[in-house]
Peer 1: 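Please see the structure below; I have some questions.
One is the number of the first residue; the rest follow in order along the sequence.
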Amino acid sequence: MTPSRSRGWSVLRNLAVPALALAVVATVPFSSPDSTESGQATDAWNPMSPVSVSYELAGHGGKGDSRTVKGNLLGFNDFHGAIDPPTGSGGLVNGTPAGGVEYLTSWVKKLRAEAKSERRESITVGAGDLVGATPLVSAAFHDEPSIELLNNAGLQISSVGNHEFDEGTTELQRLQRGGCHPVDGCQDGDGFKGAKFNYLAANVVKKNSGLPLLLPVDIRIVGGVPVGFVGMTLKGTPSIVNPAGITSVEFRDEIETANKWATLLRFVGVKSMVLLIHEGGAQSAPPNPQPVDGCANFAGPITNIVAGLRPEFGIVVSGHTHRFYSCQLPNSSGTPTVVTSAGSNGVLVTDIDFTLDKRSGKFAEIAARNVIVENGVRNPDGSWQTDPAGVPVRNPALVDKSAKKIADKYRTAVAPIANRVVGRITADITNTNNAAGESSLGDVIADAQLTYTTAAGAQIALMNPGGIRAPLTFANSPGGEAPGDVTYGECFTVQPFNNLVVTQTLTGAQLKEVLEQQFVGFGGQTVQRILQVSAGFTYSYDSTAAAGSKVSSLALNGTPIDPAASYRVTTNDFLANGGDGFTRLTGGTDRATAPGFDVDALVAYLGSGTPVGPGPQNRITRIA
């Protein structure tokens, strides 16, 4: 590329993004994808192996062709402020100990250096939920630690996810642009400059203007060739966040939005595009466990989204489902798009190599693999070292010093609160569901909320499974406490949302409708979510029955629920306000709000005197 053309692209990148952000989306004509815009894939691919795609492009001579340039993406998603390595099974990837921001940063830097050695320009990207639902070490400071650590790791672009909206649109804008928190100020004493990376929110538009809340797109130049990035969250975000924080915006269709911005990117000469999207899918058995690089029996909402995308979207970096995969899925032209996800909590990094054709500006080759963010120490036999309590021994040689310095600042600041022992458990209490969708930790949390609200007359408590973010692990000792001791920080990691605890009156008929709304097809529900229930309340369900008729045998302490009788039911305020699609809960009456937050209910229950054991997982019966 000539120097003048290179300067032109530099100017374009600086001007295109704000110009596109000011465009009125409704005035952009939608043009159907043209199947001639992307070449046909040439190589067969095995879903049990890392994905690799080559395209037939006129005049493209393959690897080593002087008319091509090489690039690299390093991607991760659903970091959720996992500054410390995740505990329990969440900190293992097919048996390998993984995660923790010091280790994530090391692996990102290592992979970036490898790309540089191959003369690949590397860009680090995310697919949302980088903050929100975070442990106390991040949440206590309104997730400023996570943003600072992601800046330090060299993140450059990310889509928003649903959890970026946990504290509302104004707080999200502060995380992007910087400035002290309006209530708590800058608690670390050294200010907050905001994210150095660009958060993209193409499908989140202001109701009063129709313009995106944040930048919709970004353009990066790789070897003189422009690559466009479009970022968005799932359209269903309003049903899974607190509605009070998003009243000023609407969330638009993923396919329509992506293709409209692709049309504008093409208008300014961009022919290779990457979609960063907080929506995904999952592998399923066989095999079991699934390969970190595989696409075994893959399914999920991302499949239909990719099927509607213009073929210029050669790469989709996805998230939300907390699963790992590397797939090739057909786009609207029938040609393959590479689709990836790196699990959650920083346990994996997706390493994507690509080649661009300089003449056409299109992707010529794309290959992706998931790299485990190993943090352990291997024994001579290849197994992983553990301490006497069975916790993996961390490898100090893999710690990034710059990340550790930032993390330690916040760990020290929060330690007096986080390391306070609040109760005891007798064994691991996990958030793993049985066949009926009930977890032992779900039972315990529902019992805790029931106990916490007895003064409000509570008889039944219901807990949404998505609000249970981590297990309670017997051997975990973040502050050096004895095995079985549970700290406030551990409780907060389980329930990090600071939801209020609400008790209201429902009739038996309303209660049944709430339970029917666990299943797709009833009352507008789009995702199956099995509520966790408190001791004394039981019911059965038949997943094969018609929507609205799946739930039966509702009983409280053995007495059948009377449809006409009234019952006092406790939930968090997220559910009570219709979150997770449980709109029937908004019909309750005589609301009473308990003091404190949902985490306080758990703390009080665990500290009531007798050590708490795992819930029995026998309150919900699945008939079929």
Peer 1: Does some side-chain heavy atom of Thr237 sit less than 4.5 Å from a side-chain heavy atom of Val160?
Peer 2: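 A side-chain contact is absent here, since even the closest heavy-atom pair is not under 4.5 Å.
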Peer 1: Could you report the tightest heavy-atom contact between Thr453 and Gln449, atom names first, then the distance?
Peer 2: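 Shortest heavy-atom separation between Thr453 and Gln449 comes out as OG1-O, 2.8 Å.
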Peer 1: Is a side-chain donor or acceptor of Gln532 paired with a backbone partner of Leu441 at a separation under 3.5 angstrom?
Peer 2: no
Peer 1: Are a donor atom and an acceptor atom from the side chains of Asp447 and Ser534 found within less than 3.5 Å of each other?
Peer 2: no
Peer 1: Are any side-chain N or O atoms of Asp188 and backbone N or O atoms of Asp190, one a donor and one an acceptor, separated by less than 3.5 Å?
Peer 2: yes
Peer 1: Could you check whether Asp598 and Asn572, counting side-chain N and O atoms only, form a donor-acceptor pair closer than 3.5 Å?
Peer 2: no
Peer 1: Which heavy atom in Asp143 sits nearest to a heavy atom in Ser138, and how many Å separate them?
Peer 2: OD1-OG, 2.6 Å
Peer 1: Indicate yes or no for a side-chain donor-acceptor contact from Lys207 to the backbone of Glu250 under 3.5 Å, with no hydrogens or angles considered.
Peer 2: no
Peer 1: Is the backbone of Ala342 close enough, under 3.5 Å, to the side chain of Asn77 for a donor and an acceptor to pair up by distance?
Peer 2: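 At least one qualifying donor-acceptor pair exists.
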Peer 1: Of Leu275, Ile277, Leu234, which meets side chain to side chain contact (heavy atoms under 4.5 Å, CB included) against Ile302?
Peer 2: Ile277
Peer 1: Which heavy atom of Ile417 sits nearest to which heavy atom of Tyr488, and what is that distance?
Peer 2: O-CB, 3.5 Å
Peer 1: Under the side chain to side chain contact (heavy atoms under 4.5 Å, CB included) rule, what do Leu130 and Leu155 come out as? Steps first, then yes or no, please.
Peer 2: CA-CA 11 Å; Leu130 305 179; Leu155 183 65; 3.5 Å; yes
Peer 1: So, do Leu215 and Tyr199 sit near enough that their side-chain heavy atoms are less than 4.5 Å apart?
Peer 2: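 No - every pair of side-chain heavy atoms lies 4.5 Å or more apart.
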Peer 1: Donor-acceptor pair, distance only, cut-off 3.5 Å: does the side chain of Asp408 make one with the backbone of Lys405?
Peer 2: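 No; judged by distance alone, with no hydrogens or angles, the pair does not exist.
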Peer 1: Given Ile157 and Val274, is the side chain to side chain contact (heavy atoms under 4.5 Å, CB included) satisfied, shown in steps?
Peer 2: CA-CA 11 Å; Ile157 314 168; Val274 178; over 6 Å; no
Peer 1: Please answer whether the main-chain N or O of Gly245 pairs with a side-chain N or O of Glu167 as donor and acceptor at a distance below 3.5 Å.
Peer 2: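 Not a single qualifying donor-acceptor pair exists.
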Peer 1: Measure from the side-chain N and O atoms of Asn431 to the backbone N and O of Gly442, and report whether any donor-acceptor pair falls under 3.5 Å.
Peer 2: no
Peer 1: With a cut-off of 6.0 Å (strictly less than), are more than 12 heavy atoms of other residues, nucleotides or ligands near NZ of Lys196?
Peer 2: no
Peer 1: Tell me which one of His163, His278, Glu164, Glu254 satisfies side chain to side chain contact (heavy atoms under 4.5 Å, CB included) with Thr233.
Peer 2: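 In the set His163, His278, Glu164, Glu254, the residue that makes a side chain to side chain contact (heavy atoms under 4.5 Å, CB included) with Thr233 is His278.
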Peer 1: Quick one: closest heavy-atom pair of Tyr103 and Pro85, and the distance?
Peer 2: CE1-CG, 4.1 Å
Peer 1: Would you check if Asn433 and Ser439 make a side-chain contact, meaning some heavy-atom pair closer than 4.5 Å?
Peer 2: yes
Peer 1: Looking only at side-chain N and O atoms, does Ser402 offer a donor or acceptor that is under 3.5 Å from a partner on Asn152?
Peer 2: yes
Peer 1: Can you find a heavy atom in the side chain of Thr134 that is under 4.5 Å from one in the side chain of Pro496?
Peer 2: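 The answer is no, as the side chains (C-beta and beyond) never meet within the 4.5 Å cut-off.
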Peer 1: Is it the case that atom NZ in Lys512 sees more than 12 heavy atoms from other parts of the structure closer than 6.0 Å?
Peer 2: yes
Peer 1: Would the number of heavy atoms belonging to other residues, nucleotides or ligands and lying under 6.0 Å from NZ of Lys409 be above 12?
Peer 2: yes
Peer 1: So if I apply the side chain to side chain contact (heavy atoms under 4.5 Å, CB included) rule between Val494 and each of Val444, Val599, Leu472, which one comes out positive?
Peer 2: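 The passing option is Leu472.
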Peer 1: Under the 3.5 angstrom rule, does the side chain of Glu438 hit a backbone N or O of Gly615 as a donor-acceptor pair?
Peer 2: no
Peer 1: When you measure from the side chain of Glu516 to the backbone of Phe522, do you find a donor-acceptor pair of N or O atoms at a distance under 3.5 Å?
Peer 2: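 The answer is no, because no donor-acceptor pair under 3.5 Å joins these two groups.
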Peer 1: Ring centres under 6.0 Å, that's the criterion: do Phe537 and Tyr567 meet it?
Peer 2: no
Peer 1: Is any side-chain heavy atom of Phe497 closer than 4.5 Å to a side-chain heavy atom of Phe574?
Peer 2: no
Peer 1: Output the distance between atom CZ (Phe582) and atom OG (Ser239), rounded to the nearest 0.5 Å.
Peer 2: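 OG of Ser239 is found 10.5 Å from CZ of Phe582.
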Peer 1: Indicate yes or no: at least one non-hydrogen side-chain atom of Thr263 is less than 4.5 angstrom from one of Arg310.
Peer 2: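 A side-chain contact under 4.5 Å exists here.
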Peer 1: Donor-acceptor pair, Asp78 side chain versus His320 backbone, under 3.5 Å?
Peer 2: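 The answer is yes, because a donor-acceptor pair under 3.5 Å joins these two groups.
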Peer 1: Which heavy atom of Gln504 sits nearest a heavy atom of Ala576, and at what distance?
Peer 2: NE2-CB, 3.9 Å
Peer 1: Determine whether Val306 and Phe313 make a side-chain contact, defined as any pair of heavy atoms from C-beta on separated by less than 4.5 Å.
Peer 2: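 No. Closest side-chain heavy atoms not under 4.5 Å.
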Peer 1: Looking just at side-chain N and O atoms, do Thr570 and Thr503 make a donor-acceptor pair shorter than 3.5 Å?
Peer 2: yes
Peer 1: Looking only at non-hydrogen atoms, find the nearest pair between Tyr325 and Ser318 and report the distance.
Peer 2: OH-OG, 2.6 Å
Peer 1: State whether the number of non-hydrogen atoms from other residues, nucleotides or ligands found under 6.0 Å of Arg568 atom CZ is greater than 12.
Peer 2: yes
Peer 1: Is Val270 close to Val217 at the side-chain level, that is, under 4.5 Å between some pair of heavy atoms?
Peer 2: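 Side-chain contact under 4.5 Å: no.
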